[in-house]
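Reviewing the structure listed below.
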Amino acid sequence: MLTLQQLMDAWNVLFHAEISAAPLVLFRILIGSLLLVNALLLIPLTEDYFSADGVWPTRSWKQQLAGRRFSLLHWLPDSTWSFRILLLVHLIACLLLLIGWHFRPACIMVFLTLVSLQHRNAMILSSGDSLLRILLFLCCFSSAGDGLSVDHWLAGRPLLEFSTIDPWPLRLMQIQISIVYLRTVFWKLRGSLWRNGTAAWYPLWVAAYVRFRPPRRLLHPLLLRLATWGTLAEETALGCGLWIHELRFPLLLTGIALHLVFDLILNLQLFSWIMIISLLLFLSPGEATAMLQWVCRV
Amino acid sequence: MSVLTDVFILVLLLFLWCWDYPVDHPPRRLIHWLSQPLIYLGLWHSWAMFAPQPIHVNRRLRAVIRWDDGTCDLWTPLGPRRSAFFNLLYARSFKYECSLLSTAGTAPLQALAEFLAAQAADDAAGRRVVRVELIRESSRVNAPGASEIYGPPLLTPLLLFDVASGRHHHGTDAGRTV
């Protein structure tokens with residue numbers, strides 16, 4: 001039986017025992033780069049999906065969602081230029097986040113502009129976009145600018161020196177990743193096709209999603225079951241096992257492999273890369289530091 | 001300050017854990033009071049990815065644009081092509097079509113019909129758009145081992161937009177006139 005004191009001690013160890021900022025710094029650089037790509041991919045879609053007279057005109061959108069979903073566009077004129085300017089501000093904020101210049105205001109600005117852009121047309125969003133928003137929200141409270149950043153350099157500190165930080169935002173991000181895996185298994189187990197082991201078959205024949213379809217001879221019922229149940233097993237293991245020291249590294253490798261396979265087979269735009277970057281939040285400070293040092297050397 | 005931080009962490013933990021339960025489940029009802037502000041802030045989410053069932057229906061949108069001279073044009077949204085770069089670039093377009101044909105309400109369909117009517121009018125060359133009909137073409141993916149990959153295609157009228165009156169007819173109402 002735990003005492004209240006032991007419970008509070010465990011809470012403090014998990015959320016407040018100081019660690020190096022290196023995993024968060026690595027996350028900032030990777031997610032900053034990914035956000036830049038994500039924003040650039042919106043440019044060719046502007047006229048059709050975000051303009052004043054596109055498939056979801058600003059007027060209709062405002063009538064439907066005014067006051068119910070935050071977007072800076074609510075306070076800007078109905079013109080397509082409002083969207084273009086917001087996208088430009090978002091791109092600049094992403095760049096500032098990436099290089100770590102005025103980290104916290106930049107991160108808040110990235111979050112606000114990302115939410116504004118995504119709320120403008122929610123019909124083109126996926127779960128990866130939701131995860132991006134939540135992780136960025138948590139990142140606003142973190143010290144991800146405390147290393148390898150312009151802020152750090154301007155303060156006269158060595159670039160590869162990482163501050164020690166109160167890790168609660170990092171822990172919440174990690175908990176969020178675990179919840180993503182556990183909850184997706186929870187939902188999948190409610191579906192008969194996942195339970196009978198054929199779920200992996202269907203998306204391969206849906207034109208909007210398939211990128212590469214393995215040859216028919218590889219789509220043997222036994223292999224389909226292995227792929228379906230293997231996905232469920234891996235996602236369950238990722239949801240729980242990443243918190244266990246001995247399992248963490250092998251699970252990180254298999255988790256990354258799983259998402260690379262998803263990306264090879266399915267056209268999910270940046271989803272797999274968002275998940276891979278999120279998994280890297282589970283790297284230890286030593287591993288994250290080594291990775292950043294290696295990147296700097298290269 | 002540290003107590004405030006801990007309360008904040010607790011509220012966030014409660015939200016992260018409870019949000020993605022089905023809306024009638026007790027954990028989700030527990031955080032009902034948080035729903036509106038969190039949706040407003042963009043923290044809404046769903047982790048039901050390819051679940052409870054994986055996507056198992058091929059859906060395409062067809063729009064029939066009828067002109068006053070009795071002719072008609074068929075319009076389809078951008079679809080996947082051979083180029084991996086093209087498909088990456090327009091993955092969100094494919095997602096839009098999927099959302100429009102599965103979960104979106106009536107307003108986005110009306111907006112699309114009006115958009116298509118306006119676009120067609122720009123290239124009218126003396127003709128006038130009479131109406132725009134939106135139709136869903138769908139075919140189920142059969143179970144592995146079936147003789148055919150796809151089931152028979154199904155055409156479902158979604159909306160009819162009468163340009164002159166500016167009126168929209170949905171579902172079966174649209175079906176009668178398609």
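A note on names: the letters A, B, ... follow the listed sequences, proteins ahead of strands, and every chain is numbered from 1.
- For Ser192(A), the parts sitting under 4.5 Å from any heavy atom of chain B are the backbone and the side chain alike.
- Leu112(A) does not touch chain B: none of its heavy atoms, backbone or side chain, sits under 4.5 Å away.
- A salt bridge links Arg92(B) with Asp129(A): the distance from a Lys NZ or Arg NE/NH1/NH2 to an Asp or Glu carboxylate oxygen falls below 4.0 Å.
- Neither the backbone nor the side chain of Trp61(A) has a heavy atom closer than 4.5 Å to any heavy atom of chain B.
- When all heavy atoms are compared, the tightest approach of Leu193(A) to Gln53(B) is N-OE1, 3.1 Å.
- Other residues, nucleotides and ligands contribute at most 12 non-hydrogen atoms within 6.0 Å of the CZ atom of Arg59(A).
- Between Ser93(B) and Leu45(A), the closest side-chain pair of non-hydrogen atoms falls below 4.5 Å.
- Residues Trp168(A) and Thr5(B) approach most closely at NE1-CG2, 3.4 Å, considering heavy atoms.
- The side-chain heavy atoms of Arg183(A) and Trp19(B), taken from C-beta on, include no pair separated by under 4.5 Å.
- Of the listed residues (Leu125(A), Thr198(A), Asn12(A)), the greatest number of heavy-atom pairs within a distance under 4.5 Å of chain B belongs to Leu125(A).
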Inset, instruction - Please test Arg216(A) against Ile149(B) for side chain to side chain contact (heavy atoms under 4.5 Å, CB included), starting from the C-alpha separation and ending with a verdict. - result: CA-CA 11 Å; Arg216(A) 278 298 287 274; Ile149(B) 299 283; 3.2 Å; yes
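- The aromatic rings of Phe70(A) and Tyr40(B) lie perpendicular to each other, with more than 60° between the two planes, well past the 30° mark.
- Figure legend: cation-pi geometry between Arg140(B) and Trp205(A) absent, as NZ or CZ is not positioned both under 6.0 Å from the six-membered ring centre and within 45° of its axis.
- Between the CE atom of Met49(B) and the CZ atom of Phe262(A) there is a distance of 9.0 Å, given to the nearest 0.5 Å.
- The minimum heavy-atom distance between Asn267(A) and Asn87(B), with the atom names listed, is ND2-O, 2.9 Å.
- Of the listed residues Leu12(B), Asp20(B), Leu89(B), the one with more heavy-atom pairs under 4.5 angstrom with chain A than any other is Asp20(B).
- Both the backbone and the side chain of Ile39(B) have a heavy atom closer than 4.5 Å to some heavy atom of chain A.
- Looking at Tyr181(A), neither its backbone nor its side chain comes within 4.5 Å of chain B, counting heavy atoms on both sides.
- A distance of 5.0 Å separates CG in Leu268(A) from CZ in Phe50(B), rounded to the nearest 0.5 Å.
- Among the candidates Leu88(B), Ile55(B), Leu116(B), the residue making the largest number of heavy-atom pairs closer than 4.5 Å to chain A is Ile55(B).
- Scanning all heavy atoms of the two residues, the minimum distance from Trp56(A) to Ala111(B) falls at CE3-CB, 3.8 Å.
- Of the atoms belonging to Trp201(A), it is side-chain heavy atoms, and not backbone ones, that fall under 4.5 Å from chain B.
- If you measure heavy-atom distances from Phe8(B) to chain A, the contacts under 4.5 Å come from the side chain alone.
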Inset, instruction - Report the C-alpha separation of Tyr90(B) and Asp48(A) in whole Å, then their side-chain angles, then the decisive distance to 0.1 Å, and conclude whether the side chain to side chain contact (heavy atoms under 4.5 Å, CB included) test is met. - result: CA-CA 11 Å; Tyr90(B) 290 102; Asp48(A) 283 344; over 6 Å; no
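- The contact between Leu172(A) and chain B is made by backbone and side chain atoms together, counting heavy-atom distances below 4.5 Å.
- Trp273(A) CH2: 12 or fewer foreign heavy atoms inside a 6.0 Å radius.
- When each of Ser71(A), Pro44(A), Gly54(A) is checked for heavy-atom pairs under 4.5 Å with chain B, Gly54(A) comes out on top.
- In this structure, CZ in Phe15(A) is found 8.0 Å from CG in Leu10(B), a value given to the nearest 0.5 Å.
- The shortest distance between side-chain heavy atoms of Leu100(B) and Met123(A) falls below 4.5 Å.
- Only the side chain of Gln64(A) comes within less than 4.5 Å of a heavy atom in chain B; its backbone stays farther off.
- By number of non-hydrogen pairs under 4.5 angstrom with chain B, the leading residue of Arg69(A), His16(A), Arg190(A) is Arg69(A).
- Looking at Val55(A), both its backbone and its side chain come within 4.5 Å of chain B, counting heavy atoms on both sides.
- Your options are Phe115(B), Trp47(B), Trp17(B), and the one with the most heavy-atom pairs under 4.5 Å with chain A is Trp47(B).
- Residue Leu65(A) does not touch chain B at all, counting heavy-atom pairs closer than 4.5 Å.
- Using a 4.5 Å heavy-atom cutoff, the side chains of Val57(B) and Tyr202(A) are not in contact.
- The backbone N or O of Leu16(B) sits nowhere less than 3.5 Å from a side-chain atom of Gln176(A) that would complete a donor-acceptor pair.
- Contacts of Ile134(A) with chain B are made by both backbone and side-chain atoms, with heavy-atom separations under 4.5 Å.
- Between Glu114(B) atom CD and Ser60(A) atom OG the span is 6.5 Å, to the nearest 0.5 Å.
- With a 6.0 Å radius and a threshold of 12 heavy atoms from other residues, nucleotides or ligands, Leu74(B) has its CG atom above the threshold.
- Between Trp187(A) and Pro22(B), the shortest heavy-atom contact is CH2-CG, 3.7 Å.
- Using a 4.5 Å cut-off between heavy atoms, Tyr209(A) contacts chain B through its side chain alone, with no backbone atom that close.
- In this structure, chain B has a heavy atom under 4.5 Å from the side chain of Leu224(A), while its backbone stays farther away.
- Two rings, from Phe186(A) and Tyr21(B), have their centers less than 6.0 Å apart.
- With a threshold of 4.5 angstrom between heavy atoms, Asp166(A) does not approach chain B through any atom at all.
- Shortest non-hydrogen contact noted between Trp194(A) and Ala51(B) is NE1-CA, 4.4 Å.
- Heavy-atom pairs under 4.5 Å with chain A peak, among Ser139(B), Pro54(B), Pro144(B), Ala143(B), at Pro144(B).
- Neither the backbone nor the side chain of Pro221(A) comes within less than 4.5 Å of any heavy atom in chain B.
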Inset, instruction - Please lay out, stage by stage, how Arg133(A) and Leu41(B) fare under the test side chain to side chain contact (heavy atoms under 4.5 Å, CB included). - result: CA-CA 9 Å; Arg133(A) 291 193 304 273; Leu41(B) 261 181; over 6 Å; no
